[in-house]
Novice: 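Got a structure here, written out as structure tokens. Questions coming.
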Amino acid sequence: MAKVTMTVNGRKVAKECEDRTLLVHFIRENLGLTGTHVGCDTSQCGACVVHMDGKAVKSCSILAAQAAGSEILTIEGLAANGELHPVQAAFRQNHGLQCGFCTPGMVMTAVDMINRYGAVLDEKTVRENLEGNICRCTGYHNIVKAILAAATEMGAARQAAE
Amino acid sequence: MGVEGIGARVTRKEDKRFLTGKGRYTDDMTVPGMCFAAFVRSPHAHARIGNIDATAAGEMPGVIAVLNGRQMLDDGIGNLICGWMIHSKDGSPMKMGAWRPLAHETVRYVGDAVAVVVAESMAEARDAAEAVIVDYEELPAVTDAVTALADGQPQLHPEAPNNLIFDWDIGDAAATDAAIAAAAHVTQMRIVNNRLAPNPMEPRAALGIYDAADDHYTCYTTSQNPHVARLVMSAFYNVAPENKLRVIAPDVGGGFGSKIYIYPEEITCLWASRRTGVPVKWTSDRTEAFLTDAHGRDHVSTVKMAFDASHRITALKVDTIANLGAYMSLFSSAVPTYLYATLLSGQYDIPAIHANVRTVYTNTVPVDAYRGAGRPEATYLLERTVETAARELGLSPVELRRINFIRSFPHQTPVIMNYDAGDYDASLAAALQAADWDGFPARKAEAASRGLKRGIGMSCYIEACGIAPSAAVGSLGAGVGLWESAEVRVNAVGTVEILTGSHSHGQGHETTFAQLVADRFGVPIDSVSVVHGDTDKVQMGMGTYGSRSGAVGMSAVVKALDKVEAKARKIAAHLMEADESDIVIENGTLKVAGTDKSLPWFQVTLAAYTGHNLPPGMEPGLKEGAFYDPSNFTFPAGCYICEVEVDPETGKTEIVQFVAADDFGNIINPMIVEGQVHGGIAQGIGQALLEGVHYDPQTGQLLTASYMDYAMPRADDLPSFQVSHQVTPCPGNPLGIKGCGEAGAIGSPPALMNAITDAIGTNALDMPATPARVWAAARAAAN
Amino acid sequence: MYETTYHRASSLAEAVRLRADSDEAKYLAGGMTLIPTMKQRLAAPSELVDLRHIAELRGIAVKGRRVRIGAGTPHNEVATSAAISAVCPALCHLAALIGDPLVRHMGTLGGSIANNDPAADYPAAMLGLDATIITDRREIPAGDFFTGLFETALEDGEIVVAATFEAPARAGYSKFANPASRFAMTGVFAAQAADGTVRVAVTGAGANGVFRHAGLEAALTRNWSPDVVSDVAVETGDLLSDLHGNADYRANLVKVMAKRAVATA
């Protein structure tokens with residue numbers, strides 16, 4: 001057992017857990033944030049994606065102890081002041097989700113993708129950058145559409161702000 | 001159509017919770033004192049169980065109990081059942097071997113559970129499960145159905161000599177043979193339909209809670225049909241009588257058929273909770289899912305299709321061997337029979353059909369319905385054969401299909417089904433246009449200049465959905481009726497709750513069912529709540545599978561809405577001193593036609609509850625229930641065209657265009673219907689291009705037990721899809737809808753395989769058309 | 001996962017000391033292979049020594065055509081490094097094909113080559129670039145470093161600190177991904193050094209892990225052109241056969257990927 005301290009969704013947390021505890025289980029069980037999911041054992045499905053120090057990572061392949069001291073953003077921390085993040089809103093508008101299980105990881109990956117590429121995303125790049133996220137419901141068609149729409153919208157918003 | 005009514009592209013009410021991480025899935029549930037289950041599973045495909053030594057495991061940290069199958073048997077927990085009786089040709093009933101939730105004598109597939117550890121943490125449960133020592137006496141195993149039928153093979157169940165479960169047929173053998181003998185041309189093929197793992201992204205989970213004070217059980221479970229789960233656990237597994245068992249299927253992360261069945265794990269969690277006195281939760285990991293979720297497909301067939309001199313199909317003869325795995329799962333017997341052979345006429349007028357189906361036990365996980373269930377197997381067989389025939393006859397595949405289309409309805413096929421409505425030419429024409437069929441030769445030439453082989457293929461599918469008329473399925477062996485229930489509760493202020501026995505696990509019922517109310521009463525969908533998935537809230541229901549939630553589930557809602565409307569009209573007429581027949585409902589207002597008298601909806605509903613001024617003799621309140629039993633199956637149909645480029649150097653296939661033209665009858669929410677089609681196509685493409693379950697034929701070990709070896713379709717494997725709808729309303733239900741959940745998975749595999757075989761110029765290719773297989777097939781054809 | 005004890009090292013010296021405390025300890029770099037392996041209970045180190053916070057292991061340095069990549073550098077940093085791209089874009093291309101974007105944020109060069117998965121990408125680059133693997137104890141030529149399936153020349157407790165190489169005149173990497181795992185079914189890294197020496201390294205296909213192909217190297221030394229590849233014989237004897245492709249198929253892929261690697265160089 002060790003005490004693990006990190007910042008999750010802007011809040012400092014400190015919890016006791018076994019050294020073998022995965023970050024995803026720490027988030028789900030110790031912090032009760034169950035939006036981050038586990039869909040496979042081989043770090044391929046991406047249902048567990050969170051941001052660690054600003055970068056999208058698979059929380060099922062990182063120990064909570066490894067993440068100690070870092071800033072974690074989970075799906076629960078994405079919407080600000082009750083307003084959906086543009087990526088969340090685009091997923092809703094474009095029907096980019098069905099059962100919702102892969103959705104938190106998809107959204108976190110999409111946000112990271114847009115952070116890295118900006119509004120210049122095209123369909124091929126989006127599809128390549130979704131390699132680490134598996135969805136069984138949507139055939140990805142509307143997820144791709146949603147990410148492209150969000151990238152455009154966020155690009156426009158950024159331009160307007162400048 | 002209002003902005004939120006029938007036909008509107010309404011964004012989903014349920015999305016916000018999923019998008020913000022507030023979905024509540026079974027594994028998210030936590031109750032005080034909850035402990036965790038880990039199963040001890042057989043590492044062998046076939047073995048006799050000797051001693052189970054749990055001494056060391058029982059002493060490990062956090063362990064509450066280690067329980068085994070003998071204890072479960074002693075406690076009177078029953079066998080798992082198959083709920084659809086099929087009789088063989090000789091009249092004998094199917095040979096159902098015993099399936100224990102926890103095996104105590106014999107294990108029959110890798111993953112078969114023999115014991116369960118309950119511990120304070122998941123990690124401790126797994127540590128201890130590894131420490132349970134089970135003595136096995138290994139037996140030889142067989143995993144392939146064709147092999148398992150031969151003499152001298154390992155025998156799985158004493159009830160089933162040579163592993164044969166039933167030998168069943170349908171249609172007129174003599175007429176079919178005669179037509180084949182007289183044919184101008186006969187196309188023959190051997191067709192393999194590859195075995196698949198369903199892979200909903202949420203792994204199965206169960207939380208069993210026994211409350212000793214009330215002698216009451218609660219089960220949270222990843223189910224597509226919680227009421228059927230309660231019925232079966234109550235009536236057959238003797239877990240508890242129905243009134244003492246509440247089953248809740250909260251948010252469920254996809255099912256695709258695999259979450260219809262009642263598995264050993266949920267029964268075990270409930271039983272273990274009673275035994276230990278603590279709530280017991282089990283969550284599958286992905287490898288366990290590959291090992292224990294019911295698989296789909298796994299047919300090997302031979303087919304003969306006969307033609308006369310004018311290229312009309314005169315007969316179809318099919319012989320199928322279906323692998324059902326180690327035990328008969330809940331609906332396993334219905335899939336390769338009444339959900340398969342009854343669809344073998346496809347969209348074609350075929351005068352004589354005969355199909356023979358043998359089902360077989362093997363040392364593999366049970367096989368049951370997976371998206372499409374029987375209909376993809378029928379469509380694949382038929383559409384590969386028609387395409388091959390066109391090539392053999394030197395006809396365009398379009399022409400050959402047009403020659404044989406059914407064009408008058410109703411149409412009685414030789415294999416039970418009575419098609420009620422359709423326009424196959426319309427979908428074909430729409431698909432040809434969208435795909436620019438005529439421009440293909442130019443595109444092929446252009447691809448060749450880049451060193452790629454371009455091919456095009458189509459499939460014209462039909463399926464039977466909206467299952468099903470209870471009396472009809474009862475006469476065919478079903479153990480249950482397949483109606484659906486609904487209750488519409490109007491609150492005093494005019495808001496509405498719809499209770500449905502359908503279950504939503506991605507289909508968007510919370511939105512589409514609410515649209516029905518918006519359409520009827522002009523109530524915003526925000527004022528309509530859809531309640532489902534809890535046996536304490538909804539009295540009874542049959543659940544969601546077989547594309548039935550729209551055609552059957554919504555029809556039940558419509559019936560209940562009819563009753564609500566009738567009562568509301570009476571109240572409004574009474575309040576406005578008008579004749580009931582003059583009341584019209586427009587945009588949420590009840591009006592007296594031809595006058596300026598009107599009452600808003602909420603005043604009528606309030607009046608129903610105040611009871612101050614109701615028609616004489618009328619009971620207060622506004623709440624109605626209905627059971628809807630369909631009069632026929634529904635028959636969605638369509639045409640899919642796929643275009644591919646194959647890299648001859650690597651065998652890799654890229655799908656460059658995919659067109660779907662579907663007739664689902666009337667549509668409640670086009671956005672959601674399109675999403676269903678996209679997802680279905682992706683699964684169909686997965687089957688044709690990527691996915692396949694492989695067991696080692698000698699050891700029975702599952703070789704594809706993770707995403708490292710089982711290829712799931714990813715975003716960069718797929719194109720965007722071009723989807724369109726043609727509408728012939730279904731005459732059989734009040735909304736005229738046919739169902740859309742499975743079409744994509746049914747229509748797409750043959751279209752893709754027809755395209756790849758067109759590209760590489762050889763037909764000798766089975767699914768999945770992996771790069772290695774395509775490369776080898778093309779090379780073999782070239783030599 | 002079995003129980004384990006986690007230690008975080010802040011310097012190489014501390015890492016070595018922590019590792020020395022136990023026979024059953026393992027270094028933990030990005031963890032993208034080790035943690036999943038531990039989850040499957042296929043590895044059970046009693047102690048983990050986390051190297052991710054050691055500053056000495058981070059960073060990319062390019063001086064002239066000499067490239068040095070710290071072992072702790074994540075794949076994404078290599079993939080997007082303008083400095084490396086200017087002298088050896090093939091390596092950026094290779095790094096951008098490892099795993100997926102999420103894995104590339106955590107996985108490191110050192111972790112990948114120390115694990116020497118027979119289907120990993122980096123070993124092909126190290127061998128093809130004739131890189132030198134710098135450890136806390138010595139320098140090891142890539143040709144001596146990869147010794148077999150999941151086997152390397154690293155001694156007990158030895159840490160990979162960096163890899164360094166002279167950027168070649170030209171190089172290309174072509175990968176055919178396994179449809180399921182997306183690891184290399186076959187990946188070929190082909191490079192021509194400034195002095196004309198050609199190295200062709202193959203990953204994913206070999207039954208004994210990454211290897212150089214003498215026939216391809218000889219042909220490409222005579223004539224650096226994709227056209228010469230088709231005449232080279234690739235023997236199937238030492239190639240993998242599995243569910244996803246037999247040795248014949250992999251032999252074909254070796255040639256096709258070699259041709260494409262040269263074409264893109």
Side-chain angles (χ1 to χ4, degrees), chain A residues 18 20-21 25 28-29 32-45 47 74-79 84-85 87-89 91-105 107 123-124 126-145, chain B residues 9 11-12 14-25 27-28 30 121-123 198-203 251-256 283 285-287 504-508 671-672 674-683 685 706-708 712-721 723 744:
Chain A
E18 286 189 311
R20 62 171 157 174
T21 304
H25 290 138
R28 287 178 56 78
E29 283 149 32
L33 296 171
T34 55
T36 304
H37 296 149
V38 180
C40 77
D41 327 321
T42 48
S43 88
Q44 278 157 321
C45 82
T74 74
I75 188 71
E76 288 91 345
L78 199 60
L84 291 182
H85 182 280
V87 170
Q88 292 170 315
F91 268 67
R92 179 182 202 170
Q93 200 58 40
N94 292 282
H95 190 33
L97 65 153
Q98 291 182 25
C99 82
F101 194 80
C102 78
T103 306
V107 168
E123 175 170 346
K124 186 168 182 290
V126 172
R127 287 184 181 274
E128 284 171 1
N129 276 274
L130 288 176
E131 187 173 2
N133 293 78
I134 299 177
C135 169
R136 192 56 151 171
C137 294
T138 65
Y140 305 97
H141 180 111
N142 285 337
I143 291 176
V144 173
K145 228 168 109 184
Chain B
R9 301 181 77 89
T11 56
R12 298 199 317 173
E14 46 271 77
D15 282 355
K16 190 170 181 186
R17 82 172 176 271
F18 295 130
L19 283 163
T20 54
K22 304 293 180 175
R24 294 284 282 159
Y25 300 88
D27 186 46
D28 300 339
T30 299
S121 78
M122 191 68 233
N199 275 304
M201 291 318 296
E202 179 204 24
D251 286 329
V252 173
F256 315 114
T283 305
D285 63 27
R286 184 56 60 186
T287 293
S504 186
H505 32 280
Q507 296 87 343
M671 180 193 82
I672 284 176
E674 286 160 16
Q676 288 292 313
V677 175
H678 298 156
I681 293 172
Q683 280 172 273
I685 290 174
S706 80
Y707 295 147
M708 294 297 281
M712 286 283 277
R714 304 201 202 189
D716 58 0
D717 291 316
L718 301 172
S720 286
F721 311 113
V723 175

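Residue numbering restarts at 1 for every chain, and letters A, B, ... go by the order of the sequence lines.
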Novice: Please state whether the side chain, the backbone, both or neither of A/Phe101 comes within less than 4.5 Å of a heavy atom of chain B.
Specialist: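 Contact with chain B involves both backbone and side-chain atoms of A/Phe101.
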Novice: Which atoms of A/Val38 are under 4.5 Å from chain B, going by heavy atoms: the side chain, the backbone, both sets, or neither?
Specialist: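 For A/Val38, the contact with chain B is made by the backbone alone.
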Novice: Against chain B, label A/Glu18 side chain, backbone, both or neither, depending on which of its atoms sit under 4.5 Å from a heavy atom there.
Specialist: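 The side chain, not the backbone.
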Novice: With side-chain contact (heavy atoms from CB on, under 4.5 Å) as the test, pick out the partner of B/Arg714 among A/Arg127, A/Glu131, A/Glu128.
Specialist: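 Result: among A/Arg127, A/Glu131, A/Glu128, A/Glu131 is the only option passing the side-chain contact (heavy atoms from CB on, under 4.5 Å) with B/Arg714.
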Novice: Kindly state whether the ring of A/His37 and the ring of B/Tyr25 have centres lying under 6.0 angstrom apart.
Specialist: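 Yes - the distance between ring centres of A/His37 and B/Tyr25 falls below the 6.0 Å cut-off.
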Novice: State, to 0.1 Å, how close B/Phe18 and A/Pro104 come at their nearest heavy-atom pair, and which atoms those are.
Specialist: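 Closest pair (atom of B/Phe18, atom of A/Pro104, distance): O-CG, 4.1 Å.
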Novice: Looking only at non-hydrogen atoms, find the nearest pair between B/Ser720 and A/Glu123 and report the distance.
Specialist: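 Here B/Ser720 and A/Glu123 meet closest at OG-OE2, 2.9 Å.
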Novice: Looking at every non-hydrogen atom in both residues, tell me the closest pair between A/Gln98 and B/Arg12 and how far apart they are.
Specialist: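 Nearest heavy atoms, A/Gln98 then B/Arg12: O-NH2, 2.7 Å.
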Novice: Non-hydrogen atoms of chain B under 4.5 Å away: do they reach the side chain of A/Arg28, the backbone, both or neither?
Specialist: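 Answer is side chain: those atoms of A/Arg28 sit under 4.5 Å from chain B.
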Novice: If I compare all heavy atoms of A/Cys45 with all of B/Met201, which pair ends up nearest, and what's the gap?
Specialist: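 Closest pair (atom of A/Cys45, atom of B/Met201, distance): CB-CE, 3.5 Å.
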Novice: Answer with side chain, backbone, both or neither: which region of A/Ile134 has an atom nearer than 4.5 Å to a non-hydrogen atom of chain B?
Specialist: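 Contact with chain B is through both the backbone and side chain of A/Ile134.
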Novice: Under a 4.5 Å cutoff for heavy-atom pairs, which residue among B/Thr30, B/Asp27, B/Thr283, B/Val677 has the most contacts with chain A?
Specialist: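 Ranked by heavy-atom pairs under 4.5 Å with chain A, first place is B/Asp27.
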Novice: Can you say whether A/Thr138 sits under 4.5 Å from chain B via the side chain, the backbone, both, or neither, judging by heavy atoms?
Specialist: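 Contact with chain B involves the backbone of A/Thr138 alone.
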Novice: Below 4.5 Å from any heavy atom of chain A, which atoms of B/Ile672 appear? Answer side chain, backbone, both or neither.
Specialist: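 For B/Ile672, backbone and side chain are both near chain A.
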